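Report on the following structure.
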There are 2 protein chains.
Amino acid sequence: MDLPAPRLRPARATLLSLAQSAGVSVSTVSRALRGDGRISPATRKRIDALATEAGYAPNAMARTLLGGRSGLIGLVLGPMHNPFYPALLEELVTQAAERGQRLVILHAGEGSMEDRTAQALLQYQLDGCIVTSAVLPSRIATICRENAVPLVMVNRVAREHGTAVCCDNAEGGARLADWLLDAGHARHAVVGGHADTSTSLDRERGFVARLAERGHALALRFDGGSTREGGWAAGTRIAAMPPEERPDAVFAVSDGMAMGVVDALRAGSVPVGEAGGVSVVGFDGVAAALRPPYELTTILQPLRAVVGRGLDLLLARMEEPDRPEEVVMLRGTLHVGRSARRPVGWGI
Amino acid sequence: MDLPAPRLRPARATLLSLAQSAGVSVSTVSRALRGDGRISPATRKRIDALATEAGYAPNAMARTLLGGRSGLIGLVLGPMHNPFYPALLEELVTQAAERGQRLVILHAGEGSMEDRTAQALLQYQLDGCIVTSAVLPSRIATICRENAVPLVMVNRVAREHGTAVCCDNAEGGARLADWLLDAGHARHAVVGGHADTSTSLDRERGFVARLAERGHALALRFDGGSTREGGWAAGTRIAAMPPEERPDAVFAVSDGMAMGVVDALRAGSVPVGEAGGVSVVGFDGVAAALRPPYELTTILQPLRAVVGRGLDLLLARMEEPDRPEEVVMLRGTLHVGRSARRPVGWGI
DNA sequence: TTGAAAGCGTTACCAG
DNA sequence: CTGGTAACGCTTTCAA
């Protein structure tokens, strides 16, 4: 009458439990499971079978405690209204998994970060930290620095220091300027993003500089605030201008804004990309922008490579904490869509 | 000449290191830091100061090993092109943090999940799992069931079993039908989403059923595939119809698609929301849809509550694993924008 | 080829 | 009020 209460949540299999049912020691089980050479094939097979049957999964917490790495990377995500970030997130998750790492979300969105959240970085023994937000939260930066936790920025560069990967934004902007000039455009407008993000500023700077090199000045500038509706607002104002004042080429520094510009022009019955209409180009190469009804001419960010290099830089710094800081710029490629007139003699 | 090499990565503070510098035992430090009553104020103060100075953060791995909870929740994210999901993600991260939990991303996007990823659920001793994707990956479902790890679906309901929170989609659809009928609309169209998501189907079902109850039949149905461009395609076809055949009311089952419909109608010079134009309504209440240039009439999902209840259901099941499965439906609220004509006598 | 034991950082229990 | 010790699950010497 005093049987032990049945365990409702059956204890998970451990090395010890496996060892007991196999009639061997914990060490043997550990070695067998990790493929250590000096275990007899017979024993190994028996243990493998037992482990599979029991649904054994090694306890990462215990492993980490031994002093190894946790396999966990902290992630700070920026505001997600720019469609580039969701795409970046998917890619990050996939490639982190390919490298045997998981992502712990430390922060997402605009709000500021609680101290408690920043502490999680230490508590969970995170191996490193990836920051994709426009602004690098200083709590995170401090904690990483003081505790020698490697930190890599993806899609942004801090002016002063830090390790980062991003698309060569200035070069992309310049390439777009060339394309528009080659197609014979004369009145250029820019729809800019947040004034405090290096990403947007560099794209715009590269564009304007190339215009200048080739003897052109920017005719108009709008503030698009990095949102699609900011693009729409700019497009609306452009559509409302008398045709002779209207810019014939518009560079929106992100695809989200560019799509907004296109929508507004169409709503205002201004043709886009055709002779006599307005050419619109964007930046990023998000999936929705490449397909109808937008088919933007834009700079394709090498997303897979950006993320891959970002993770590689991070992993390298886990192995070797004293690596010098490093900034990697990856060139984007021009994607020719139908939202902008093509230079004469290009393609068909 | 054989000084130990300087430790480049200074060892992190631990209870032991604090105990040594304070000249007390580990237990005392532990108790002081966790606010245990029976510690002299003097000792407590001294230890607190020491801990702060050393930047001490308790090791969550060690804590978890003792058998407590890890404070980690697994997250399975659906394809992120629907703007509702990024918003959901932000809210989840915020509210999980408020409850002292962090999210580990197990999967994002459409691809199938590696076994290794599913194993992470066990390895990291995740306390529970939140699934927001349209389809529940069966590996995850199995692992959770077999290991008594609670799982809650947010924004979807599995037909057969499971615990879930979602907006009352059918009711929202019905409410929109009422609104459109009250405004005198006669020809109704639906732009549907994925055929395999309960969310889309329920919205559509509720809408059509209410139409029928009030003696109306659906005039047209488009497949919008849950994407904005699907909405655009439907809108384009509507704009191309002769005015007398054109539906005067369109229900797109998500705001993303509804915005696409609006863009296409405007591009086709079909007025939206005005007398003589087409009324467009959506569902979700994503931020971009509520502001110009869309200002959709839509069902506002109670996002904060949906996420809050989802986490509460999950936490409750961590404490008490044998709670019966539970499905919570939260009513959305009708948000009156300018994308649809209002019933006569409503407001100003 | 296998086993025993130490130790990672915490917490909890039992003494003092 | 404080200290010692065992235990969590694992890897890694060191021994046999």
Side-chain angles (χ1 to χ4, degrees), chain A residues 7 9-48 50-51 54-71 119-120 122-127 147, chain B residues 7 9-48 50-51 54-72 119 122-127 147:
Chain A
R7 300 192 65 157
R9 188 198 279 257
R12 226 164 266 185
T14 67
L15 284 191
L16 181 60
S17 75
L18 291 179
Q20 284 167 341
S21 38
V24 294
S25 77
V26 220
S27 336
T28 302
V29 180
S30 172
R31 285 194 273 253
L33 259 20
R34 331 187 64 238
D36 189 308
R38 40 188 229 240
I39 289 285
S40 79
T43 319
R44 136 111 26 84
K45 248 189 124 176
R46 195 157 44 95
I47 295 179
D48 274 349
L50 239 32
Y56 172 77
N59 186 326
M61 305 304 208
R63 251 183 208 178
T64 306
L65 206 51
L66 265 298
R69 300 211 309 241
S70 65
Q119 286 283 328
L122 267 13
Q123 302 190 210
Y124 288 100
Q125 315 292 116
L126 302 191
D127 295 332
N147 294 276
Chain B
R7 302 193 60 157
R9 186 198 278 258
R12 223 164 265 184
T14 67
L15 284 189
L16 181 61
S17 75
L18 291 178
Q20 283 165 344
S21 40
V24 294
S25 76
V26 215
S27 331
T28 302
V29 180
S30 173
R31 285 194 275 253
L33 259 21
R34 330 187 61 239
D36 189 307
R38 38 192 230 234
I39 289 284
S40 80
T43 319
R44 135 111 26 83
K45 244 187 132 176
R46 194 157 45 95
I47 294 179
D48 274 349
L50 239 32
Y56 171 77
N59 186 326
M61 305 303 208
R63 253 184 207 178
T64 306
L65 204 53
L66 265 303
R69 301 213 306 242
S70 64
L72 257 21
Q119 286 283 327
L122 268 12
Q123 302 190 212
Y124 288 101
Q125 316 291 114
L126 303 191
D127 295 333
N147 294 277

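Note that the coordinates shown come from a computational prediction; the quantities given were computed from them, not determined experimentally. Proteins get letters first, then strands, A, B, ... in listed order; numbering begins at 1 in each.
- Note on B:T43: a side-chain N or O is less than 4.0 Å away from OP1 or OP2 of D:dT2.
- For the OP1/OP2 pair of C:dA4 and a distance below 4.0 Å, the side-chain nitrogens and oxygens of A:S25 include no atom meeting the criterion.
- End-to-end axis angle for the helix from C:dT1-D:dA16 to C:dG16-D:dC1, using five pairs per end and rounding to 10°, comes out at 50°.
- Atom-to-atom, CG of A:L15 to C1' of D:dC8 comes out at 12 Å; the value is rounded to the nearest Å.
- With rounding to the nearest 0.5 angstrom, the CG atom of B:L33 is 10.0 Å from the CG atom of B:L50.
- Taking only side-chain nitrogens and oxygens, B:R34 comes nearer than 4.0 Å to OP1 or OP2 of C:dA12.
- Contacts of A:T64 with the nucleic acid, taken as non-hydrogen atoms under 4.0 Å apart, are absent.
- When rounded to the nearest whole Å, the span between CG of B:L16 and P of C:dT11 equals 14 Å.
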Evaluate side chain to side chain contact (heavy atoms under 4.5 Å, CB included) for B:K45 paired with B:D48, printing each intermediate quantity in order. CA-CA 5 Å; B:K45 244 187 132 176; B:D48 274 349; 5.7 Å; no
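- At a cut-off of 3.5 angstrom, counting only N and O atoms as typed in the model, there is a donor on one side and an acceptor on the other between the side-chain of B:S27 and the base of D:dG4.
- Among the heavy atoms of the strands lying under 4.0 Å from B:R38 is at least one base atom, whether or not backbone atoms are also near.
- When each of C:dG7, D:dT12, D:dT2 is scored by its nearest atom to the side-chain atoms of A:L66, the top-ranked nucleotide is C:dG7.
- Residue A:V26 is classed as having no contact, given no heavy-atom separation below 4.0 Å to the nucleic acid.
- Atoms CD (B:Q123) and C1' (D:dC8) sit 17 Å apart, rounded to a whole Å.
- To the nearest 0.5 Å, atom OG of residue B:S70 and atom CG of residue B:L65 are 12.0 Å apart.
- A:R63 contributes no side-chain N or O that, together with a main-chain N or O of A:G68, makes up a donor-acceptor pair within less than 3.5 Å.
- The backbone N or O of A:G55 sits nowhere less than 3.5 Å from a side-chain atom of A:R12 that would complete a donor-acceptor pair.
- Rounded to whole Å, the distance from CG on B:L18 to P on C:dT11 is 12 Å.
- For the OP1/OP2 pair of C:dT11 and a distance below 4.0 Å, the side-chain nitrogens and oxygens of B:R63 include at least one atom meeting the criterion.
- Here the nucleotide nearest the side chain of B:T14, chosen from C:dT10, D:dG9, D:dT2, is C:dT10.
- The distance from atom CG of A:N59 to atom P of D:dC10 is 6 Å, rounded to the nearest whole Å.
- What separates CZ of B:R31 from P of C:dG9 is a distance of 20 Å, to the nearest Å.
- We find that CG of B:D36 is positioned 11 Å from C1' of C:dT11, with the value rounded to whole Å.
- Between B:Y56 and the phosphate of C:dT10, there is a side-chain N or O to OP1/OP2 separation shorter than 4.0 Å.
- In this structure, A:R31 contributes its side chain and A:R38 its backbone to no donor-acceptor pair below 3.5 Å.
- Between D:dG9 and A:R12, no contact under 4.0 Å exists linking OP1 or OP2 to a side-chain N or O.
- A donor-acceptor contact shorter than 3.5 Å links the side chain of A:T64 to the backbone of A:A60.
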Dump the intermediate steps for side chain to side chain contact (heavy atoms under 4.5 Å, CB included) on A:Y56 and A:L15, then the final yes or no. CA-CA 8 Å; A:Y56 172 77; A:L15 284 191; 3.5 Å; yes
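- Atom CG in A:L65 sits about 12 Å away from atom P in D:dC10, given to the nearest Å.
- Picking from D:dC10, C:dG3, D:dG3 the nucleotide with the shortest atom distance to the side chain of B:T28 gives D:dG3.
- Within the nucleic acid shown, B:I39 comes within 4.0 Å of sugar-phosphate atoms alone, with no base atom in reach, counting heavy atoms only.
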